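Input: a single structure, listed below in structure tokens.
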Amino acid sequence: MDFSAISPVSLIVSLIAASTPILLAAIGELVVEKSGVLNLGVEGMMIIGAITGFIAAVSTGNPFLGFLGGAIGGALVSIIFIVLTQYLMANQVASGLGLTMIGLGLAALLGHSYAGIKPPSSPHLDIAGLSDLPVVGPILFNHDFIIYFSIILTASVWYFLNRTKAGLILRAVGENHDAAHALGYKVVRVRIYAILFGGACAGIGGAYLSLIRVPQWTEGMTAGAGWIALAIVVFGSWKPWRVLIGAYLFGGVTILQLNLQAVGVNIGAAYLSMTPYIITIIVLVIMSSDKKRASLNAPAALGKLFHASK
Amino acid sequence: MTPLLRISGLTKAYPGVVANDNVSFDIGIGEVHALLGENGAGKSTLVKAIYGLVHPDSGTMELGGNAYDPGEPRNARASGVAMVFQHFSLFEALTVGENIALGMENAPETTALSEKIRTVSANYGLTLDPDRLVGDLSAGERQRVEIVRCLLQEPKLLVMDEPTSVLTPQEVDILFETLRKLKAEGTSILYISHKLEEIRTICDHATILRLGKVVGTCIPSEETPKSMAEMMVGTTLTAPKKGAFQPGPALLEVHNLWLASSDPFGTSLKEITFNLHAGEVLGIGGVAGNGQDELMLALSGEERTQNGTIQFKGENIGHRGPNYRRTQGLLTAPEERLGHAAAPDMSLTENALLTGFGRQKLTTNGFVKWNATKNFARAIVEKFDVRTPSVNNAAKSLSGGNLQKFVIGREIMQNPEVFIVNQPTWGVDAAAAADIRQAILELAHNGAAVLVISQDLDELMEISDTFAVLSEGAMSKVRSAQGVTIEEIGLLMGGTEVSHAPA
């Protein structure tokens with residue numbers, strides 16, 4: 001065993017890349033849940049984003065248009081969820097699970113002829129001088145543009161939720177939709193925008209997998225990332241910066257265990273592969289053990305159906 | 001002088017019911033106008049039309065001589081109509097400032113708004129801290145949030161729907177002072193309440209609705225509460241008859257009960273001790289949110305408590321669940337009719353089974369005896385005059401009063417030895433409320449011990465033999481209900497024992 005083969009710098013660089021798809025999907029889901037909607041279809045929207053983004057990038061040759069395609073794909077498929085839960089008053093849990101299944105199946109169908117193709121590569125930030133600095137350069141100044149986008153997105157969502165009137169309205173809708181309605185706010189409209197935003201974020205996260213992280217299209221390539229994103233929203237107690245920490249923690253443990261496998265640690269590969277999930281669950285349990293504090297942040301109307309006649 | 005608001009021929013129909021039928025009345029400038037009527041008389045629909053939440057089918061409104069058709073609440077607010085809601089339209093996890101900003105058009109940014117809130121709340125004697133979470137406030141303080149939110153918009157017309165139902169008598173006095181000040185400044189107030197004494201105190205005129213129609217107007221100070229109640233109901237009312245109280249043996253003994261609330265905004269119970277005797281009706285007063293729900297959960301068995309804190313007929317039952325307590329004869333009816341006392345989408349028969357299966361022997365070896373269950377449900381419907389097409393109807397299809405009669409009847413028909421009920425007549429019309437109170441008195445007369453938790457002091461005075469108050473999770477000493485004055489109760493509600501209060 002040679003632990004010196006694990007370089008801390010490259011570890012951090014790759015953990016950021018591994019975390020970004022989950023962070024993107026989780027930030028989107030955070031906004032959805034803050035509006036009082038529980039969309040369990042993140043996995044389905046991610047994989048749709050992965051294939052539509054892949055198709056858009058391959059057919060245009062432009063990675064930017066690829067990510068745009070992923071966002072549009074994720075948002076479009078979330079419309080199914082919108083129609084079911086906001087207009088037909090269907091159960092959100094069942095609709096979300098259904099969305100995941102539709103997404104996985106539809107993505108496999110769309111991606112039928114795209115297996116084995118290499119997508120156009122995405123540009124990396126390259127600032128002369130800065131990007132070449134030792135340690136700091138690769139960690140801060142030499143990523144692809146989506147990573148910077150994901151951090152700006154986290155900051156913007158934080159600003160939106162805590163500092164703008166529209167964000168206040170969104171939180172109010174998620175806290176008590178009957179009261180928000182009584183004050184004259186359009187509960188359903190706010191929620192539709194939130195769900196579309198969540199779908200677009202999940203789609204970009206999925207596109208990151210197929211265009212940068214892997215980069216190619218394989219069936220079922222999200223491999224549970226959407227579910228982890230859902231868990232991280234809870235773990236982050238619905239706060240954007242904590243969600244970022246949660247995503248990086250999961251990404252970090254994933255990368256670390258891959259590195260440990262590579263250097264041949266004397267632990268079964270199967271056990272190492274479990275660790276990101278187990279550690280995320282343990283941290284989640286510890287974080288939410290203070291029931292009072294956790295339920296303070298949880299949107300009180302989460303998962304409840306709203307009908308204006310009530 | 002042109003009135004501030006003139007409503008002419010307003011009609012609004014819902015499928016199967018005409019909520020407002022050709023309603024007309026005027027509200028003058030600087031007038032406090034009462035709207036009276038039982039539940040279902042159409043008060044809420046009318047108020048919603050004024051606030052733009054409901055579109056009337058026909059009829060017109062004029063505000064200050066101009067045609068007024070708000071269409072949606074923000075237009076109503078822009079025209080100078082503000083509303084304080086019956087069930088607070090507040091967001092517990094948001095701060096006072098955020099809550100107020102949500103109810104305003106063009107709210108200023110946070111620091112300026114906080115400053116404004118402080119000024120206005122000080123002007124009207126309604127102290128408020130804009131940075132506190134609403135979830136941490138008392139019911140009285142929450143109402144201040146609603147009122148200050150309205151006042152910041154300098155309304156011409158302030159609509160108040162049941163503003164005093166959750167206040168202590170002292171808080172009501174503060175509210176009335178604020179209202180008098182507003183009235184002196186020329187603000188008109190539309191005041192909706194069931195509490196006829198309050199209407200006599202504060203209102204200049206009253207319009208009475210029954211079944212969606214205006215059935216009369218009056219000057220409240222020239223009427224008695226009884227005469228106004230009879231105008232609302234349309235018949236003569238008789239108070240329930242109460243027999244003499246002869247306490248039997250103690251059936252339920254609660255000793256040093258502490259219980260931490262599982263709700264982040266709930267109230268933990270502190271050292272509750274009392275005995276409940278056969279034949280006794282113990283009334284527990286107090287402002288909502290002072291531990292009523294937690295006491296109910298502890299007594300029903302939904303929350304378990306330490307050994308030795310609750311004894312029923314001498315047996316420790318603190319660690320026993322609701323089903324065991326039910327079979328032993330301790331029955332409960334919680335406050336929330338739909339969703340807690342009854343499953344909304346299940347039929348009355350199924351709901352009868354849910355609490356009655358043990359004592360009424362409605363199952364054999366785990367199989368439901370549907371015929372016996374149906375007969376049980378029918379018996380409840382018949383005995384308690386529940387208006388429903390059949391026992392197969394879903395619980396949620398019944399009106400509030402009818403479902404409440406069913407829920408109370410379901411427990412009383414099982415011959416409880418101890419019966420515990422929270423808010424037995426909340427949101428129930430006067431006739432049904434009288435029936436329910438009569439049934440509770442009969443139950444006690446026949447030897448059961450009854451504990452009634454209620455925020456309606458008049459109701460408690462009417463039916464209780466003994467009386468106590470919950471305040472911040474602690475319970476006052478149990479005293480005889482005879483000769484207790486509203487003022488004493490008010491002090492108890494504020495957490496002061498009367499003996500310590502200055503004379």
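What you see is a predicted model, and the numbers here were worked out from it, not measured in a lab.
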For a 4.5 angstrom cut-off between non-hydrogen side-chain atoms, does A:Asn176 reach B:Leu90?
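No. Closest side-chain heavy atoms not under 4.5 Å.
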Rounded to the nearest 0.5 Å, what separation is found between the CG atom of A:Leu183 and the CE atom of B:Met104?
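Spacing of CG (A:Leu183) from CE (B:Met104) equals 12.5 Å.
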Could you give the distance from CZ (B:Arg74) to OH (A:Tyr185), rounded to the nearest 0.5 Å?
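Between B:Arg74 CZ and A:Tyr185 OH, I get 6.0 Å after rounding to 0.5 Å.
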By a 4.5 Å heavy-atom criterion (distance strictly below it), what part of B:Glu72 contacts chain A: side chain, backbone, both, or neither?
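Contact with chain A is through the side chain of B:Glu72 alone.
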Contact part of B:Leu102 toward chain A, heavy-atom cut-off under 4.5 Å: side chain, backbone, both or neither?
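Interface part for B:Leu102: both.
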I'd like to know if A:Lys165 and B:Glu109 make a salt bridge, using a cut-off of under 4.0 Å between side-chain N and carboxylate O.
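Salt bridge absent between A:Lys165 and B:Glu109.
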Using non-hydrogen atoms and a 4.5 Å limit, figure out which bit of A:Ala182 sits close to chain B: side chain, backbone, both or neither.
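Its backbone and side chain both get close to chain B.
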If you count every heavy atom of other residues, nucleotides or ligands that lies below 6.0 Å from A:Tyr148 atom OH, does the total exceed 12?
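Yes, the 6.0 Å shell around OH holds more than 12 heavy atoms from other groups.
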Shortest non-hydrogen contact from B:Phe91 toward A:Ala172
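So the two residues come closest at CE2-O, 3.2 Å.
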